[in-house]
Amino acid sequence: MTDSWYDLVDPIVPLTQGDLIFDCPVLIWKSSMPIGEEWSRKSEVLQNAVNAIMADVAVMTQACDLEQNRVENVILCPHVSQKEHKTAWEEEMSARGHNPTSKAWKAHCDDICSGFIFNYTMLNRCQLGKSNIDVRIVYFHEVYTLPRLFLESLIKSRNQPRFRLLSPYREHLSQAFARFFMRVGLPTPIESPWKT
Amino acid sequence: MEEKELTEAIERFWQEDSITDWPSSASTIMQEEDVPLEDLGDEPISTGNEDLTVAVLIPSSPSAWKTNIIQAMGGAKYLFRHIYGPKLVYASGAYPIVYEALEEDIGFGDDVITSASPWPKLWHQEEPEQAGRRGAFYPTYHRKVMFSKTMIFQTALLPRWKPNAKIQMRTFEQEND
């Protein structure tokens, strides 16, 4: 058994859950769009609200659905390097009036690793031959879809191997995604009498 | 008194290799053999024949009939066989019809079974693949298109997605600790 989280797969290998695709074009909705009177022209509003961006993404669609060709579109979540995430985290901390200390950053990363922050999961670094991948943080609060045919064509046209999460890390990613959706917030938390 | 006669007659016919006539369609109340028979007479039973209103299902003897009881006929599988002709008159005046079945095929008292299992008929039909029936179901659906737009991308010029960190309060609470 290997300690590696990843395998490197050839472009001809069919897509599956846990595949990481870098520099993938995806469509998103603009964060702001006209409302009010213009809302009567919904089609036009939507047409003008589409943005194309480039992102590093992880395939989240179930492996069996892809294998059995049951889905036309593939669900993707973006992932970023630890450095990119730290920049975003520092901005958010400052915006909230908190000091982004080194201690707070470590606690934040520990929380992600431990699964305490539902909208992220962390993927380990890995070296496979000459290819290496650093720690990646997957964002579950952003979800994209792309046509499967498009994604497979893109991978083939690039003709480069891609990182693929191995089991059980692939399932760990999938479970973290599920937990993000299935979580239930309690209006009244447990009172923690053991702390008094 | 009639009960006793009925019981004796059943015993007698049990010993005989009497035969049989397969019911084409019948419903019955399944009862253990020691259930008071008068209870059966009060149950609404449809046998498909208005003259035959009571059916009694008894377990077969351990040695007899084992291999012959279950038979398929006309696309239906019968789990019991008729062992008694309409010679007895039940207390209510109805004819009891006695069937025997393997003990494992007899349910609990008050269970109602039909004379023919539906499964043999279903076996004649091709079943969909298990994977298609369970788990996730993906019907082909047609989307209502609001607009369709040809988009041309120069991927090299597309802006990078900028992460937007959503931070849980837990981090702040820990920091305050």
Side-chain angles (χ1 to χ4, degrees), chain A residues 23-28 31 42-44 46-47 50-57 62 64-65 68-72 78-81 84-93 95-101 103-105 107-112 116-120 137 139-142 144 154, chain B residues 72 75-77 79 104-105 114 116-177:
Chain A
D23 294 324
C24 183
V26 290
L27 296 180
I28 62 169
S31 53
K42 288 189 274 295
S43 292
E44 195 179 322
L46 286 173
Q47 283 187 58
V50 178
N51 259 351
I53 57 155
M54 198 69 97
D56 302 331
V57 294
Q62 283 282 351
C64 59
D65 287 340
Q68 294 175 25
N69 211 15
R70 284 173 157 177
V71 287
E72 288 179 23
H79 57 87
V80 297
S81 67
E84 286 175 291
H85 181 65
K86 189 176 183 186
T87 304
W89 173 81
E90 285 171 342
E91 286 175 7
E92 177 72 10
M93 288 285 277
R96 290 192 183 204
H98 293 273
N99 186 13
T101 62
K103 184 186 167 192
W105 167 246
H108 176 68
C109 290
D110 283 343
D111 278 353
I112 295 175
F116 290 135
I117 304 183
F118 292 105
N119 56 323
Y120 303 116
I137 293 155
Y139 283 47
F140 297 138
H141 54 271
E142 292 274 339
Y144 314 126
L154 180 77
Chain B
K77 185 181 179 185
L79 301 176
E104 60 262 33
D105 292 328
T114 56
S117 161
W119 296 109
K121 289 180 181 172
L122 294 175
W123 290 339
H124 289 287
Q125 297 170 8
E126 197 172 321
E127 287 192 25
E129 297 238 345
Q130 184 139 323
R133 288 187 288 117
R134 296 178 181 172
F137 178 58
Y138 301 88
T140 304
Y141 64 96
H142 302 283
R143 302 174 180 89
K144 185 181 176 185
V145 179
M146 282 184 73
F147 66 90
S148 182
K149 188 178 180 182
T150 303
M151 303 182 81
I152 300 169
F153 302 114
Q154 287 184 287
T155 51
L157 300 178
L158 288 178
R160 288 286 303 176
W161 176 70
K162 190 169 180 262
N164 178 20
K166 312 278 185 192
I167 300 167
Q168 202 181 36
M169 288 311 292
R170 178 185 165 81
T171 302
F172 302 128
E173 287 164 8
Q174 280 197 340
E175 193 184 23
N176 293 337
D177 291 344

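Below, chain A is the first sequence line, B the second, and so on; all start at residue 1. Computed from a prediction, not measured in an experiment: that's the story for all the values here.
Taking the side-chain contact (heavy atoms from CB on, under 4.5 Å) definition, one finds that A:Asn51 meets it with A:Ile28, A:Lys30, sequence neighbours left out. Looking at residues two or more places apart in sequence or on another chain, you find a side-chain contact (heavy atoms from CB on, under 4.5 Å) between A:Ser81 and A:Lys83, A:Glu84, A:Arg136.
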Could you give me the CA-CA distance, side-chain angles and deciding distance for A:Asp56 and B:Arg160, then say whether side chain to side chain contact (heavy atoms under 4.5 Å, CB included) is met?
-> CA-CA 9 Å; A:Asp56 302 331; B:Arg160 288 286 303 176; 2.9 Å; yes
Please assess A:Glu91 against B:Asn164 for the test side chain to side chain contact (heavy atoms under 4.5 Å, CB included), listing each intermediate value before the final yes or no.
-> CA-CA 9 Å; A:Glu91 286 175 7; B:Asn164 178 20; over 6 Å; no
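Looking at A:Asp23, the atoms closer than 4.5 Å to chain B (heavy atoms on both sides) sit in the backbone and in the side chain alike.
A side-chain donor-acceptor contact under 3.5 Å links A:Tyr144 and B:Trp161.
Residues A:Tyr139 and B:Pro163 approach most closely at OH-CB, 3.2 Å, considering heavy atoms. Summarising the geometry of A:Ile53 relative to B:Leu158, their closest heavy-atom pair is O-CD1, 3.7 Å, with the distance given to 0.1 Å.
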